[in-house]
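First the proteins, then the strands, lettered A, B, ... as listed; each starts at 1.
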Protein chains: 2
Amino acid sequence: MQGYDKYAYEPFAVTVDLAVFTIREGRLHVLLVERGEQPYAGRRALPGGFVRPDEAAEAAARRELAEETGLADVAGLHLEQLRTYSEPDRDPRMRIVSVAFTALVPDAPEAQAGSDAARADWLPYGEHRPSYAPLAFDHDRILADAHERVGAKLEYTGLATAFCPPEFTLGELRQVYQAVWGAELDPANFRRKVLATPGLVEAVPGAARLTGGRGKPAALYRAGDAAALHPPLLRPEGRP
Amino acid sequence: MQGYDKYAYEPFAVTVDLAVFTIREGRLHVLLVERGEQPYAGRRALPGGFVRPDEAAEAAARRELAEETGLADVAGLHLEQLRTYSEPDRDPRMRIVSVAFTALVPDAPEAQAGSDAARADWLPYGEHRPSYAPLAFDHDRILADAHERVGAKLEYTGLATAFCPPEFTLGELRQVYQAVWGAELDPANFRRKVLATPGLVEAVPGAARLTGGRGKPAALYRAGDAAALHPPLLRPEGRP
DNA sequence: GCAAAAGTGTTATAGATACACCCATGG
DNA sequence: CCATGGGTGTATCTATAACACTTTTGC
């Protein structure tokens, strides 16, 4: 161990926090738990938990994602590191360094309350808490950072398809952009843009499906293999 | 402490690693140390160190940046969290979670060897190690991630000015882009693009300076206040 | 038939690209 | 006077935005 003393310092605890988003009825929703214990008992918070001694933060995040969403095939879900929050006073109990992740979930079954949570719910982003009840710890900031990151990544990656089921219509894909950006997009121009971007989506030949119950059935597409979009699909009006 | 036992687990150590870039003679350079101790003694590595019990990772990173570069006014330098590396076996000694940062430095005085390093040097990126001698730990990956992140952020932020002294010419700014992207840019079009982007740079009235020792003296500019660039300044040929 | 959503067409404008060319300086 | 880098002009092409219009479905 070459002069190391593992116990010389007050130890750090390492946790993961998750900002899990989905689209429901054309609106962006976020998964929040209600804390059952002090501190912040009864307050809403991001799901999360401790990193175990032998697992990477990514593995811990995926484990928590499976527990809280109740989804079976968590392996294929989009999970991405956001950043790490390490202010010494961010948890009143002890020194906790938290690695935050953003996850994108296509369809949303009802949420499962995890071990330390009283309940877990999908809530519409923007109405997920009353103004007088901030989220626990620094989770308001983490959630805002996550939302901004997702919005930015929609511009220059194929990330939006991570919100969609395996086969989807261009109208559904457009709703993803509209829900995350909070802006209306011209269906005609959106369609052309998406189809002109190589690798964003690929057509499922012959397949079609009704979307809103009304209107012409829409052709189906699958997610493409492009990581980056050229040119990017910029949101209107610069950064909101 | 509500049922917590701080010492129940093998403790995590938390460190910071820094990918510090600068431009020298039109080429991108990275700051690397040579390790004096096992493991990886004699190998090059990113500068870094332990996060102290009462400081945030950002503070630790800035402290290490001051130590290794020997710069006085480290407060104004661009320092940005990259991501956190937490694979359980990334350090053979113990469980170390490392928060990686990217720093951008304008001019580059000679580097200072820190406490645990035999020496520290600015090395041209791409020739910073022989192919048979990878960097210590997972630092090759961290450095590659940092380079990609910087290249991407030049496209849609005013980050390039962080590599420049307080007053700079558009030729110098263009060299930043060229050095990071490894691509030639048309001076005329670059100039127009930069000046057309609101908030990227602002002119210093009347000031001019020779750059290459030859040619017409160039007007001087200061960094603007824009965080995001609209429209973005995309690198040629998509992602390299 | 009417409303709603998919899909096509058209035009105007803005931005990018590729060059030609002039300007001011050191040697 | 020439090499070098700064700076302007301009033609061409491509991307975007705004909108009119047609198609196919459920009610």
Participant: Which residues pass the salt bridge (Lys or Arg N to Asp or Glu O under 4.0 Å) test with Glu58(A), not counting sequence neighbours?
Facilitator: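 Scan of Glu58(A) (salt bridge (Lys or Arg N to Asp or Glu O under 4.0 Å), adjacent residues dropped) gives Arg83(B).
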Participant: Calculate the interatomic distance between Leu229(B) atom CG and dG15(C) atom C1'; express it in whole Å.
Facilitator: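 Roughly 14 Å, once rounded to whole Å.
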Participant: Any sub-3.5 Å donor-acceptor pair from Gln81(A)'s side-chain atoms to Thr84(B)'s backbone N or O?
Facilitator: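 Yes, the answer is positive, given that a donor and an acceptor are paired below the 3.5 Å cut-off.
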Participant: Counting only heavy atoms and a strict 4.0 angstrom limit, can you tell me which residues of residues 162-175 of chain B come near DNA chain C?
Facilitator: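 The answer is none.
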Participant: Rounded at 0.5 Å granularity, tell me how far CG in Asp186(A) sits from CZ in Arg192(A).
Facilitator: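 That separation rounds to 7.5 Å.
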Participant: I need the CZ-P distance between Phe190(A) and dA6(C), as an integer number of Å.
Facilitator: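 Spelled out: CZ on Phe190(A) to P on dA6(C) is 11 Å.
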Participant: When every nucleotide of nucleotides 18-27 of chain C is labelled 5' to 3' by its protein contacts under 4.0 Å (heavy atoms), B for base, S for sugar-phosphate only, - for none, what sequence of letters results?
Facilitator: BB---BBBS-
Participant: Tell me which residues in residues 195-207 of chain B put a heavy atom below 4.0 Å from DNA chain C, sorted by number, or none.
Facilitator: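 Residues of residues 195-207 of chain B under 4.0 Å from DNA chain C: none.
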Participant: To the nearest Å, give me how far apart CG (Leu234(A)) and P (dA16(C)) are.
Facilitator: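 Taking atom P of dA16(C) as the reference, CG of Leu234(A) is at 10 Å.
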Participant: Does dT16(D) have OP1 or OP2 sitting under 4.0 Å from an N or O in the side chain of Lys193(A)?
Facilitator: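 Yes, within the criterion.
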Participant: Are Val30(A) and Val20(A) close enough that some pair of their side-chain heavy atoms sits under 4.5 Å apart?
Facilitator: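 Not touching, per the 4.5 Å side-chain cut-off.
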Participant: Return each pair, listed once, that meets side-chain hydrogen bond (donor to acceptor under 3.5 Å, both in side chains) where at least one residue sits in residues 220-229 of chain A; pairs must be two or more places apart or across chains.
Facilitator: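 Pairs touching residues 220-229 of chain A that pass the test: Glu167(A)-Arg222(A).
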Participant: Are the side chain of Trp181(A) and the backbone of Gly151(A) linked by a donor-acceptor contact shorter than 3.5 Å?
Facilitator: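 A pair under 3.5 Å: yes.
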Participant: I need the CD-C1' distance between Glu184(A) and dC19(D), as an integer number of Å.
Facilitator: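 Computing the Glu184(A):CD to dC19(D):C1' distance gives 16 Å.
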Participant: Starting at CZ of Arg235(B) and ending at P of dA16(C), how long is that distance when rounded to a whole Å?
Facilitator: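 Whole-Å distance recorded here is 16 Å.
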Participant: In whole Å, what is the span from the CZ atom of Arg191(A) to the C1' atom of dT10(C)?
Facilitator: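 Arg191(A) atom CZ is separated from dT10(C) atom C1' by 17 Å.
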Participant: Could you state the OH-C1' distance from Tyr156(B) to dG15(C), rounded to the nearest angstrom?
Facilitator: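 Rounded to the whole Å, the gap is 21 Å.
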Participant: Tell me which of Ala218(B) and Leu233(A) sits closer to the 5' end of DNA chain D, going by the nucleotide each one is nearest to.
Facilitator: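 Its nearest nucleotide lies further toward 5', so the answer is Ala218(B).
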Participant: Closest approach to the side chain of Thr211(B), judged atom by atom: which nucleotide of dG15(C), dG6(D), dA6(C) is it?
Facilitator: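 Within the option list, the nearest is dG6(D).
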Participant: Provide, to the nearest angstrom, the distance between the CG atom belonging to Leu185(B) and the P atom belonging to dG6(D).
Facilitator: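 In whole Å, dG6(D) P lies 13 Å from Leu185(B) CG.
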Participant: Any side-chain heavy atom of Tyr156(A) within less than 4.5 Å of one from Glu155(B)?
Facilitator: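 Not touching, per the 4.5 Å side-chain cut-off.
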Participant: If only atom types and distance count, is the side chain of Thr157(B) paired as donor or acceptor with the main-chain N or O of Ala228(B) below 3.5 Å?
Facilitator: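 Answer holds: no.
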Participant: State which residues pass ring-ring contact (aromatic ring centres under 6.0 Å, His included) with His29(A); sequence neighbours excluded, sorted by chain then number.
Facilitator: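 Checked His29(A) against ring-ring contact (aromatic ring centres under 6.0 Å, His included); zero matches.
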Participant: Mark yes or no for whether Thr197(A), through its side chain, and Leu200(A), through its backbone, hold a donor-acceptor pair below 3.5 Å.
Facilitator: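 No, Thr197(A) side chain to Leu200(A) backbone: no donor-acceptor pair under 3.5 Å.
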Participant: Can you tell if the side chain of Leu185(B) reaches within under 4.5 Å of the side chain of Pro236(B), non-hydrogen atoms only?
Facilitator: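 The answer is yes; the side chains approach within 4.5 Å.
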